[in-house]
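This chain uses plain numbering: 1 for the first residue, then up along the sequence.
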Amino acid sequence: MRRGEILEAAQRIFLVEGYHGATIRKIADEVGVSSTALYMHFKDKDEILLEISDNAISRLLAINSEISARPIDAVARVRLMLDAYMTFALENPNAYALVFCAPSGVIAQDRQDAAMALGERCFEKFMGTVREIAASGRLRTGSAESAAQALWAACHGLVSLLITKPDFSWAPEGELRDVMLDGMLYGLVAD
């Protein structure tokens, strides 16, 4: 049995059952092993979900790092980063919820702090690109910090709604994302 199999099974169960509905027993059954065998790889479901989260956020950090290094206009890089963030959230709803939505106390604080630190590194890559826009005098309003936080908050709001309210009659997802990104960036950045 490999850790990857456990993580894949756990991801499926977290998607269907949610954090509280997922149990070590359910994950072990999905993989076809005993709970004892699973405990040889992970000490609890928090550790499993955090590894899923860390893997996903590490991918997002790599994407943001690659985008931030591109020799293109900072506004285009910000848009690409925001789109990558939303893609990450929608492709990894449990990891996203754990890092960006989980209330305190759902998992051990030291474990959540580790996941948050990785998320903050992603945000810092994004923030650096927004600072470039501000330094060039192109922000219509606010500081680099307030602009970055507002852009992030808007994307967080959209993906959170898409994840938690899938039965709402949303406009096509791509169109909705484009309208939001274009509206925010054209309103915030002067050319």
Side-chain angles (χ1 to χ4, degrees), residues 11 19 46 49-165 170 173-191:
Q11 179 71 19
Y19 177 82
D46 287 357
L49 189 53
L50 282 171
E51 186 160 329
I52 292 167
S53 300
D54 286 350
N55 291 342
I57 295 170
S58 293
R59 288 190 314 269
L60 181 61
L61 178 58
I63 291 167
N64 275 355
S65 296
E66 185 273 323
I67 293 169
S68 71
R70 289 184 187 177
I72 58 176
D73 181 62
V75 175
R77 283 183 279 140
V78 163
R79 191 180 198 293
L80 288 170
M81 288 174 150
L82 291 170
D83 193 58
Y85 172 83
M86 290 188 291
T87 299
F88 158 78
L90 296 170
E91 290 178 354
N92 302 279
N94 284 314
Y96 182 82
L98 173 69
V99 175
F100 297 106
C101 305
S104 297
V106 170
I107 62 170
Q109 190 61 46
D110 62 326
R111 293 179 183 174
Q112 184 154 351
D113 289 347
M116 287 299 294
L118 193 53
E120 288 170 8
R121 286 178 52 208
C122 283
F123 184 76
E124 189 51 42
K125 282 289 183 189
F126 172 68
M127 183 71 214
T129 307
V130 176
R131 283 187 187 112
E132 288 180 46
I133 297 168
S136 71
R138 295 173 65 194
L139 284 183
R140 293 182 194 273
T141 186
S143 65
E145 289 76 17
S146 64
Q149 290 173 11
L151 291 166
W152 175 52
C155 290
H156 168 74
L158 178 60
V159 296
S160 295
L161 285 169
L162 290 171
I163 290 168
T164 60
K165 305 294 181 198
W170 296 106
E173 181 187 308
E175 179 183 343
L176 189 59
R177 288 166 60 167
D178 286 343
V179 166
M180 187 187 72
L181 289 173
D182 289 345
M184 288 188 315
L185 290 171
Y186 290 135
L188 185 62
V189 178
D191 284 328

task: Decide if the gap between the ring center of Trp152 and the ring center of Phe126 is smaller than 6.0 angstrom.
output: no
query: Do any N or O atoms from the side chain of Arg177 and from the backbone of Asp83 form a donor-acceptor pair under 3.5 angstrom?
result: yes
Gap between atom CE of Met81 and atom CG of Leu60 - 0.5 Å precision: 9.0 Å
- prompt: Mind checking whether Leu181 and Cys155 have side chains closer than 4.5 Å, heavy atoms only?
  reply: yes
message: Are Arg59 and Asn55 packed together at the side-chain level, in the sense that at least one heavy-atom pair is separated by less than 4.5 angstrom?
response: yes
message: Just so I know, are the side chains of Glu66 and Arg70 near enough to count as touching, which here means a heavy-atom distance under 4.5 Å?
response: yes
- prompt: Between Arg138 and Glu132, is there a side-chain N and carboxylate O pair less than 4.0 Å apart?
  reply: no
For Leu90 against Pro93, the heavy-atom pair lying closest together: O-CD, 3.8 Å
message: Could you measure the distance from the CG atom of Leu185 to the CG atom of Leu151? Nearest 0.5 Å is fine.
response: 5.5 Å
statement: Smallest heavy-atom separation, Arg121 atom then Leu61 atom, equals NH2-CD2, 3.3 Å
- prompt: Closest approach of Ala84 and Ile67, non-hydrogen atoms and distance?
  reply: CB-CD1, 4.3 Å
- request: Could you grab the distance from atom CD1 of Ile57 to atom CD1 of Ile52, nearest 0.5 Å is fine?
  value: 11.5 Å
message: Quick one, Glu175 and Asp178 - any side-chain contact, counting heavy atoms below 4.5 Å?
response: no
Distance-minimising heavy-atom pair for Val130 and Ala144: CG1-O, 3.5 Å
field: Euclidean distance, Arg79 CZ relative to Asp182 CG, rounded to 0.5 Å
entry: 4.5 Å
- prompt: Which atom pair, heavy atoms only, marks the closest approach of Ala154 to Met184?
  reply: CB-SD, 3.1 Å
- request: Give a yes or no on whether Arg131 atom CZ has more than 12 heavy-atom contacts from other residues, nucleotides or ligands under 6.0 Å away.
  value: yes
query: Does the side chain of Leu161 reach to within under 4.5 Å of the side chain of Trp170, using non-hydrogen atoms?
result: yes
- prompt: Under 4.5 Å between any side-chain heavy atoms of Leu176 and Leu162, yes or no?
  reply: yes
query: For the atom pair CG (Asp73) and CG (Asp191), what is the distance rounded to the nearest 0.5 Å?
result: 8.0 Å
- prompt: So, for Ser68 and Lys125, which heavy atoms are closest and what is the spacing to 0.1 Å?
  reply: OG-CD, 3.9 Å
